[in-house]
Amino acid sequence: MKEPVNALNFIEHIVEEDLANGFPKDLLRFRFPPEPNGYLHIGHAASICLNFGLGEKYNAPVNLRFDDTNPAKEEQEYVDAIKRDIAWLGFQWANECYSSDYFQQLYDWAVLLIKEGKAYVDQQSSEEIAAQKGSPTTAGTPSPFRDRPVAENLELFEKMKNGEFPAGSYLLRAKIDMASPNMHMRDPILYRIVNAAHHRTGTKWCIYPMYDWAHGQSDYIEQVSHSLCTLEFKSHRELYDWYLDQIYDSSRLRPKQREFARRNLSYTVMSKRKLLELVQKKVVAGWDDPRMPTISGLRRRGYTPDSIRKFSDLAGISKRDNVTDVSLLEYCIREDLNKTATRVMAVLNPIKLVITNYPVDKTEILSMENNPEDPNSGTHEVPFSRELYIEREDFKEDGGKKFFRLSLGNEVRLKSAYIIKAESVVKDEAGNIVEIHCSYDPESKSGSGTEASMRKVKGTLHWVSIAHAIKAEVREYDRLFLDEAPDAHEDKNFMDFINPESLRVIKEAYLEPYLAKATLEDKFQFQRLGYFTLDTDSSEGNLIFNKTVGLKDTWAKQVEKPVQSQKASTPNPSPQGKRKALNEIQQISKKLTNFSGEKLENAISSIKELAGEVSYEELEPLFNTAAKKVGTRIGVMITLGVLLNSGQEKNQAILDYIQSGLSDENELLRTEAEKLK
RNA sequence: UGACCCAUGGUGUAACUGGCAACACGUCUGAUUUUGGUUCAGAAGAGUCUAGGUUCGAGCCCUAGUGGGUCAACCA
């Protein structure tokens with residue numbers, strides 16, 4: 001077997017290459033640079049894990065830098081939340097930095113730029129400036145103030161800083177190239193006037209640097225070696241480098257920006273703006289609503305730091321657009337919790353079960369394993385008595401052969417207790433079952449070692465003793481959106497896809513009494529149901545549990561199957577939605593030479609079906625298909641046959657193609673060509 | 001219409017200097033199981049967007065095309 005030595009992502013390849021080219025390892029330095037204008041989400045986790053992961057891998061420092069250059073949007077609350085989330089994920093930053101720490105330096109550099117004639121003060125409206133920018137295909141036109149004398153620029157900029165102008169009246173712009181194909185190079189704005197209190201610098205400044213002017217310079221000040229950001233900043237890189245060129249001192253390290261694709265998750269949205277909208281429109285209860293893809297939401301839902309780090313690890317880093325399936329995230333949390341969560345019993349949808357041959361006032365204290373995956377986890381006590389609750393779905397009068405649960409006349413085990421047999425049911429006037437009457441086998445007590453206790457029964461049910469159960473609220477969550485990529489539709493707003501049933505509240509669930517002393521830190525597995533954790537809304541005597549994620553449920557799949565197979569019978573619509581028929585034909589054709597018998601016939605008939613949607617103009621270029629791609633040539637031949645049948649005239653190109661097929665060494669191709677002669 | 005980026009099983013990522021396309025999730029079997037969970041054993045699923053070229057040999061290099069994305073806030 002090959003060793004999986006070099007499973008590096010492309011960023012790591014870049015670092016390795018730099019190292020190989022002589023970049024000193026101890027100069028490696030990274031940073032995670034959030035703007036404190038919202039909460040961190042699972043997409044940020046990718047960036048956090050990338051940067052801090054690199055730090056761990058190369059033993060390099062990683063700064064946490066707040067990109068706080070826009071006081072209108074930023075708040076201390078977000079700073080605190082971001083720090084909490086990163087720390088919770090288990091990462092330690094080397095320095096806590098703020099772009100606002102560099103305001104003076106940035107200002108001094110800007111003055112330098114003005115003195116060198118590379119920046120000027122503009123005083124046009126934003127509309128005028130936007131109009132002059134031109135478009136990606138047409139060059140911009142220079143501002144009438146572009147050639148303002150240096151002394152005047154200096155004076156105006158000074159006045160801007162001193163608060164002598166109203167917001168929006170003056171700007172400092174870099175003088176670069178109004179004709180650049182890169183829009184960001186068309187005299188970008190360095191400074192604007194903002195009259196808002198900054199969460200750190202208060203009202204000391206009234207001019208604030210733009211992102212581009214602040215970011216690269218901050219990287220430079222902190223001597224960040226690799227400045228990693230998401231792909232939408234790719235076109236900013238030219239400007240990043242241009243700004244650096246203006247102030248770069250060759251004795252110091254020069255940072256470089258590289259870009260990776262942001263991580264998307266299916267059935268949710270991943271932009272602060274959209275998440276904020278969900279919060280503001282009260283679709284969710286807040287940034288930390290357990291349905292939110294925020295770090296704080298996931299934490300409240302019961303996700304662990306390990307599970308999120310593992311997810312980031314498995315999902316990887318690349319430059320491709322992606323929508324990672326939530327099932328990968330769910331796998332990560334199940335895997336973690338399976339090893340650590342305490343097993344308990346809870347009944348969410350109760351039905352009463354009476355053990356008719358069990359003494360009326362007897363209570364037994366049974367012992368239950370805390371976690372079968374961990375032999376050192378110990379046990380806890382569970383009270384057992386004559387009247388219990390079990391899940392309503394765990395009983396059917398006549399369950400049928402594949403139903404392993406309780407049904408009349410059949411035996412099941414009550415987890416950690418006895419084997420019981422259902423004898424009869426009590427129904428109300430409407431015919432609903434209200435009670436199940438059972439008998440139990442006193443010899444079958446779990447762990448007693450008796451022959452009866454070793455008996456194999458098909459099913460095991462969880463239960464709670466009615467007299468001892470405690471009540472709690474349980475909140476179950478479903479995906480927030482009904483569409484896999486709710487914000488990927490041009491014609492529809494992501495809000496149109498909101499799942500109206502994303503929250504299901506069970507006001508009265510019954511839990512075993514052990515849960516009375518649950519804390520926010522505890523993680524439980526409600527046996528056979530899923531993983532649950534206490535919600536922060538809980539209070540003394542008012543327990544509220546969140547369902548983190550269900551257990552895998554192959555039985556549920558069985559039950560759904562009839563419905564699913566109907567769906568599956570519609571001929572697999574292509575994932576992209578609008579793949580052309582000819583492309584599909586090409587895809588199928590490739591495999592033609594590997595097929596035989598029924599498979600081959602199926603392939604040919606689906607080609608014929610698709611061929612109806614193909615025009616001759618589309619098909620003709622494929623007549624040139626290389627000789628070695630026999631499958632494609634056969635597919636083209638078949639498609640051509642369909643076209644000829646539906647009235648296509650034989651022209652010279654077609655005759656030539658048929659002729660070439662007739663003399664091919666592939667038999668199938670010859671046969672198909674023969675038919676068209 | 002311009003510039004730039006991207007394209008590998010259903011999904012997400014690997015594949016070193018060009019050399020048998022790999023891993024994980026998901027799906028499906030079977031075994032084990034006092035959780036229809038876990039665990040274990042196995043299977044299916046990709047000629048790497050298309051066409052051409054270079055080469056003994058291309059997922060990788062070159063050309064052209066197709067498809068998708070990004071870029072024109074006094075946001076970051």
Side-chain angles (χ1 to χ4, degrees), chain A residues 2 4-9 13 33-35 37 67 69-70 72-73 125-126 129-130 133-138 140 167-168 170-171 180-184 186 189 191-194 208 210-212 214-215 231-236 238 259 261 263 266 272-273 314-325 327-332 334 338-339 343 369 372-373 402 404-405 413-417 419 446-447 453 456-462 525 527-530 551-558 572 575-576 578-580 582-583 586-587 590-591 594 621-622 624-626 629 631-632:
Chain A
K2 253 199 243 174
V5 252
N6 268 352
L8 303 180
N9 64 48
H13 276 295
E35 182 189 13
N37 68 341
D67 223 331
T69 56
N70 184 4
K73 285 188 176 175
S125 69
S126 63
I129 291 176
K133 267 221 153 155
S135 78
T137 47
T138 58
Y170 287 89
L171 287 170
S180 169
N182 183 345
M183 299 295 287
H184 297 284
R186 325 248 261 226
I189 296 167
Y191 275 94
R192 79 286 209 189
I193 299 170
V194 180
Y208 289 89
M210 298 288 288
Y211 164 85
D212 290 293
H215 202 96
L231 239 28
E232 64 268 29
F233 290 100
K234 177 68 214 282
S235 56
H236 292 244
E238 194 180 352
E259 310 82 13
R263 175 128 328 262
S266 61
K272 282 192 214 169
R273 203 206 88 222
L314 290 180
I317 293 288
S318 73
K319 296 174 82 163
R320 302 158 56 175
D321 288 345
N322 59 79
V323 182
T324 304
D325 202 296
S327 66
L328 186 64
L329 221 208
E330 291 175 345
Y331 159 79
C332 292
R334 281 197 192 102
N338 176 49
K339 288 184 290 201
R343 268 55 170 180
E369 270 182 301
E373 305 296 313
K402 288 178 111 177
F404 299 164
R405 307 176 182 188
R413 175 175 295 281
L414 293 174
K415 177 75 184 174
S416 302
I419 293 173
S446 287
S453 75
K456 299 280 178 209
V457 287
K458 266 196 310 190
T460 302
L461 306 186
H462 62 277
Q525 185 194 90
Q527 209 122 187
R528 300 210 302 135
L529 296 175
L551 258 26
K552 266 201 182 170
D553 192 348
T554 46
W555 168 244
K557 272 187 218 158
Q558 289 281 320
N572 185 30
Q576 248 61 0
K578 44 190 162 183
R579 185 175 196 153
K580 281 196 283 181
L582 186 60
N583 286 347
Q586 286 170 295
Q587 208 68 281
K590 280 182 182 178
K591 302 180 206 164
N594 309 0
L622 294 190
N624 297 321
T625 301
K629 300 190 179 182
T632 305

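In the text below, chain A, chain B and the rest are named by the order of the sequence lines, each starting its count at 1.
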Atom pairs, N/O to N/O, protein against nucleotides 72-76 of chain B, distance under 3.5 Å?
{"from": "B:rC74", "atom 1": "N3", "to": "A:Gly168", "atom 2": "O", "distance (Å)": "3.4"}
{"from": "B:rC74", "atom 1": "N4", "to": "A:Gln124", "atom 2": "O", "distance (Å)": "3.1"}
{"from": "B:rC74", "atom 1": "N4", "to": "A:Gly168", "atom 2": "O", "distance (Å)": "2.7"}
{"from": "B:rC75", "atom 1": "OP2", "to": "A:Arg192", "atom 2": "NE", "distance (Å)": "3.1"}
{"from": "B:rC75", "atom 1": "OP2", "to": "A:Arg192", "atom 2": "NH2", "distance (Å)": "2.8"}
{"from": "B:rC75", "atom 1": "O3'", "to": "A:Arg192", "atom 2": "NH2", "distance (Å)": "3.1"}
{"from": "B:rC75", "atom 1": "O2'", "to": "A:Asn70", "atom 2": "ND2", "distance (Å)": "3.0"}
{"from": "B:rA76", "atom 1": "OP1", "to": "A:Thr69", "atom 2": "OG1", "distance (Å)": "2.7"}
{"from": "B:rA76", "atom 1": "OP1", "to": "A:Arg192", "atom 2": "NH1", "distance (Å)": "3.3"}
{"from": "B:rA76", "atom 1": "OP1", "to": "A:Arg192", "atom 2": "NH2", "distance (Å)": "2.9"}
{"from": "B:rA76", "atom 1": "OP2", "to": "A:Tyr211", "atom 2": "N", "distance (Å)": "2.9"}
{"from": "B:rA76", "atom 1": "O4'", "to": "A:Glu35", "atom 2": "OE1", "distance (Å)": "3.3"}
{"from": "B:rA76", "atom 1": "O3'", "to": "A:Asp67", "atom 2": "OD2", "distance (Å)": "3.4"}
{"from": "B:rA76", "atom 1": "N6", "to": "A:His236", "atom 2": "NE2", "distance (Å)": "3.3"}

Legend entry - Atom C1', compared across B:rG26 and B:rU70: separation rounded to whole Å: 30 Å
Legend entry - A:Asp325: partners by side-chain contact (heavy atoms from CB on, under 4.5 Å), with sequence neighbours left out: A:Ser266, A:Ser327
Legend entry - Given A:Lys272, A:Lys73, A:Arg273, the one that forms side-chain hydrogen bond (donor to acceptor under 3.5 Å, both in side chains) with A:Asn37: A:Lys272
Inset, instruction - Using a 4.0 Å heavy-atom cut-off across all strands, classify A:Arg343 as base, sugar-phosphate, or nothing. - result: base
Inset, instruction - Please state whether the phosphate of B:rU70, meaning OP1 or OP2, lies under 4.0 angstrom from any side-chain nitrogen or oxygen of A:Lys319. - result: no
Legend entry - Nearest-angstrom distance from the residue atom CD of A:Glu373 to C1' of B:rU39: 8 Å
Inset, instruction - For B:rG59 and B:rG19, measure between their C1' atoms and round to the nearest Å. - result: 13 Å
Legend entry - Presence of donor-acceptor pair under 3.5 Å, side chain of A:Glu330 and base of B:rG26: no
Inset, instruction - Could you check whether A:Val323 gets within reach of a base, just the sugar-phosphate, or nothing at all, counting any heavy atom under 4.0 Å? - result: sugar-phosphate
Inset, instruction - Under 4.0 Å between any heavy atoms, over every strand shown, what does A:Lys458 touch: base, sugar-phosphate, or nothing? Just pick one. - result: nothing
Legend entry - Whole angstrom value for the distance that separates P of B:rC4 from CG of A:Asn182: 10 Å
Inset, instruction - Let me know the distance between CG of A:Asn9 and P of B:rU13, rounded to the nearest Å. - result: 11 Å
Inset, instruction - Could you check which of B:rU34, B:rA24, B:rG12 has an atom nearest any side-chain atom of A:Thr324? - result: B:rG12
Legend entry - Counterpart residues, side-chain contact (heavy atoms from CB on, under 4.5 Å), relative to A:Ile193 (two or more places apart): A:Met160, A:Phe165, A:Ala167, A:Ser169, A:Tyr170, A:Asn195, A:Ile207
Inset, instruction - Grab the stems for RNA chain B, please: at least three consecutive Watson-Crick or wobble pairs, both distances below 3.5 Å, written as range with range. - result: B:2-7 with B:66-71, B:10-13 with B:22-25, B:27-31 with B:39-43, B:49-53 with B:61-65
Inset, instruction - Please state whether the rings of A:Tyr211 and A:His236 are parallel, tilted or perpendicular, taking 30° and 60° as the class boundaries. - result: perpendicular
Inset, instruction - Assess whether one donor atom and one acceptor atom, taken from the side chain of A:Glu369 and the base of B:rU34, lie less than 3.5 Å apart. - result: no
Legend entry - Which nucleotide in B:rC25, B:rG68, B:rA15 has an atom nearest any side-chain atom of A:Asp321: B:rG68
Legend entry - Base of B:rU35 paired with side chain of A:Arg528 (donor-acceptor, under 3.5 Å): no
Inset, instruction - In whole angstrom, give the distance that lies between atom CD of A:Gln525 and atom C1' of B:rG36. - result: 13 Å
Inset, instruction - Kindly indicate whether the side chain of A:Arg405 and the base of B:rG36 share any N or O donor-acceptor pair separated by less than 3.5 Å? - result: yes
Inset, instruction - Taking salt bridge (Lys or Arg N to Asp or Glu O under 4.0 Å) as the test, write out the residues that go with A:Glu330, two or more places apart. - result: none
Inset, instruction - Could you list the residues that satisfy side-chain contact (heavy atoms from CB on, under 4.5 Å) with A:Lys415, not counting sequence neighbours? - result: A:Met345, A:Thr460, A:Trp463, A:Gln527
Legend entry - Euclidean distance for P, B:rC16 against B:rA58 (whole angstrom): 16 Å
Inset, instruction - For A:Arg343, check salt bridge (Lys or Arg N to Asp or Glu O under 4.0 Å) against everything at least two apart and list the hits. - result: none
Inset, instruction - Report the residues that fulfil ring-ring contact (aromatic ring centres under 6.0 Å, His included) with A:His462, sequence neighbours left out, ordered by chain and then residue number. - result: none
Legend entry - Length of the line joining A:Asn322:CG and B:rU11:P, which is rounded to integer Å: 12 Å
Inset, instruction - Write down the distance between CZ (A:Arg413) and P (B:rU35), rounded to a whole number of angstrom. - result: 10 Å
Legend entry - Closest listed nucleotide, where the reference is the side chain of A:Phe404 and the choices are B:rG36, B:rA51, B:rU13: B:rG36
Legend entry - Nearest listed nucleotide, side chain of A:Ala315, among B:rG12, B:rU35, B:rG68: B:rG12
Legend entry - Side chain of A:Pro372 (C-beta onward), nearest among B:rU35, B:rA24, B:rG68: B:rU35
Inset, instruction - Under the side-chain contact (heavy atoms from CB on, under 4.5 Å) rule, collect the residues that match up with A:Ser135, sequence neighbours excluded. - result: A:Thr137, A:Thr138
Inset, instruction - Looking at every strand, decide which applies to A:Leu551 at a 4.0 Å heavy-atom threshold: base, sugar-phosphate, or nothing. - result: base
Legend entry - Out of B:rG36, B:rG2, B:rC28, whichever nucleotide has its closest atom nearest the side chain of A:Thr137: B:rG2
Inset, instruction - State which of B:rG37, B:rC5, B:rU34 makes the closest approach to the side chain of A:Lys552. - result: B:rG37
